[in-house]
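We number each residue from 1, following the sequence as shown.
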Amino acid sequence: MAVPGGPGYPGGYAPQPKVRLEVFGEAWKLVQPNLGTWIGATIVYLVCIIAVNVVVGVVAGRSMAGNGIGSLLGSIVGFFLQCGMSRMAIKQVRGERVEIADMFSVTDVIGSIVIGSILYSLLTLIGLVLCILPGLVLIGLLMFMPLFIVDQRMDATTALSTSINALKTDVLMATLFVFVAGILVVVSAIPCGIGLLFTVPVYFVSIALLYRDFFPSGGPTYPGVGPVYSAPPTEPGEPPVQG
């Protein structure tokens, strides 16, 4: 597959990248050679999520203040783990060696993770309360946010806005992507959760593949940059317009 921004396109220009569902199959092929590592990471991921939910439930059951503290703790830990899996996924996409320890290698951006977890949770919660669909739209638009934080070391607000700017022109497919991913995760959880050991890695690697499609050079290095692509010449003989 030719990568947007690279060679191999008719006319010498790369089309604007799009969110595509084929990445699920591509992700599975990438996961397979390191399946044992990914299964181990997923087990750690799920155990941590369950443990945090148990602690949050205990803390939240004592008082209203405890409920708030518990929810905040759950959001931060959950987003931390999401960022860790995202860093592992982007390493997999780039052909680097992946290890379970990669999940906990994101302490270098812990400040952005804490703030990002609060922003992400608030926005998606508001969206889900508003008849579910707005929440799915926001989850789709924010799918690159963890990758910008761990890969580009962006601050939380810049990562949030850059993800939205990158995906807003393909918002319908981004929403469909998270909807299909959600169905796959739910269905895979039915047989005692065994299927999650395969669908969770595929989910994170799929997003990393889309991130690579949109930002083949590794992503923007300053705020406000959109997807990297070149448009066709407007007139014959004119050079392509860089996006």
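Leu147 and Ala208 make their closest contact through CD1-CA, 4.0 Å (heavy atoms, listed as atom of the first residue, atom of the second, distance). Residues Val98 and Gln92 share a closest heavy-atom pair of CG1-N, 3.6 Å. Across all non-hydrogen atoms, the minimal contact from Leu138 to Leu123 is CD1-O, 3.1 Å. Scanning both residues, Ile139 and Val178, for their nearest heavy atoms gives CG2-CG1, 3.9 Å. Minimum interatomic distance between Ile90 and Arg87 (heavy atoms only, all atoms of both residues): CG2-O, 3.2 Å. Residues Ala159 and Ile149 come closest through the heavy atom pair CB-CG1, 3.7 Å.
Under the 4.5 Å side-chain heavy-atom criterion for ILVMFWY residues, no single connected hydrophobic cluster contains both Leu46 and Val186. Residues Val52 and Val47 are members of one and the same hydrophobic cluster, defined by side-chain heavy-atom contacts under 4.5 angstrom among Ile, Leu, Val, Met, Phe, Trp and Tyr.
Looking at Val171 and Val137, their side chains come closer than 4.5 Å, going by heavy atoms from C-beta outward. When side chains are defined from C-beta on, Met103 counts as touching Met85, because their heavy atoms get closer than 4.5 Å. Two residues are said to be in side-chain contact when any heavy atoms from C-beta on lie closer than 4.5 Å; Thr175 and Leu133 meet this criterion. You'll find the side chain of Phe198 stays beyond 4.5 Å of the side chain of Thr42, heavy atoms only. In this structure, Val202 and Leu184 have side chains that are not in contact, with every pair of non-hydrogen atoms separated by 4.5 Å or more. Between Phe177 and Ile207 the shortest side-chain heavy-atom distance falls below 4.5 Å. In this structure, Met173 and Leu210 have side chains that are not in contact, with every pair of non-hydrogen atoms separated by 4.5 Å or more. In this structure, Thr162 and Gln152 have side chains that are not in contact, with every pair of non-hydrogen atoms separated by 4.5 Å or more.
Rounded to the nearest 0.5 angstrom, Ile113 CD1 and Ile76 CD1 are separated by 10.5 Å. In this structure, the separation between OG on Ser112 and CG on Leu160 is 12.0 Å, given to the nearest 0.5 Å. Leu167 contributes atom CG, which lies 7.5 Å from atom OG1 of Thr169 (distance to the nearest 0.5 angstrom).
Every residue meeting the side chain to side chain contact (heavy atoms under 4.5 Å, CB included) condition with Val185, not counting sequence neighbours, appears here in chain and number order: Leu196, Thr199. Among residues two or more places apart in sequence or in another chain, the side-chain hydrogen bond (donor to acceptor under 3.5 Å, both in side chains) test is passed with Asp170 by none.
When each of Phe80, Phe144, Phe148, Phe79 is tested with Tyr120 by the rule ring-ring contact (aromatic ring centres under 6.0 Å, His included), just one qualifies, namely Phe79.
Judged by distance alone, the side chain of Asn165 and the main-chain N or O of Ser161 form a donor-acceptor pair under 3.5 Å. Without hydrogens or angle criteria, Ser163 side chain to Leu141 main chain gives a donor-acceptor distance under 3.5 Å. Although no hydrogens or angles enter the test, the distance criterion places no donor-acceptor pair under 3.5 Å between the side chain of Arg212 and the main chain of Val93. Ser117 places a side-chain N or O within 3.5 Å of a backbone atom of Val114 that can act as its donor or acceptor partner.
Counting only residues at least two apart or on different chains, the ring pair (Phe, Tyr, Trp, His ring centres under 6.0 Å) pairs with a member in residues 26-45 are Tyr45-Phe204.
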Candidate pair Leu176 and Leu21, rule side-chain contact (heavy atoms from CB on, under 4.5 Å), full reasoning
CA-CA 9 Å; Leu176 180 61; Leu21 300 183; 4.0 Å; yes
How far apart are the C-alpha atoms of Phe215 and Asp151, what are their side-chain angles, what is the distance that settles it, and do they pass the side-chain contact (heavy atoms from CB on, under 4.5 Å) test?
CA-CA 11 Å; Phe215 302 100; Asp151 188 47; over 6 Å; no
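Annotation: Phe179, atom CZ; neighbour count of heavy atoms from other residues, nucleotides and ligands within 6.0 Å does not exceed 12.
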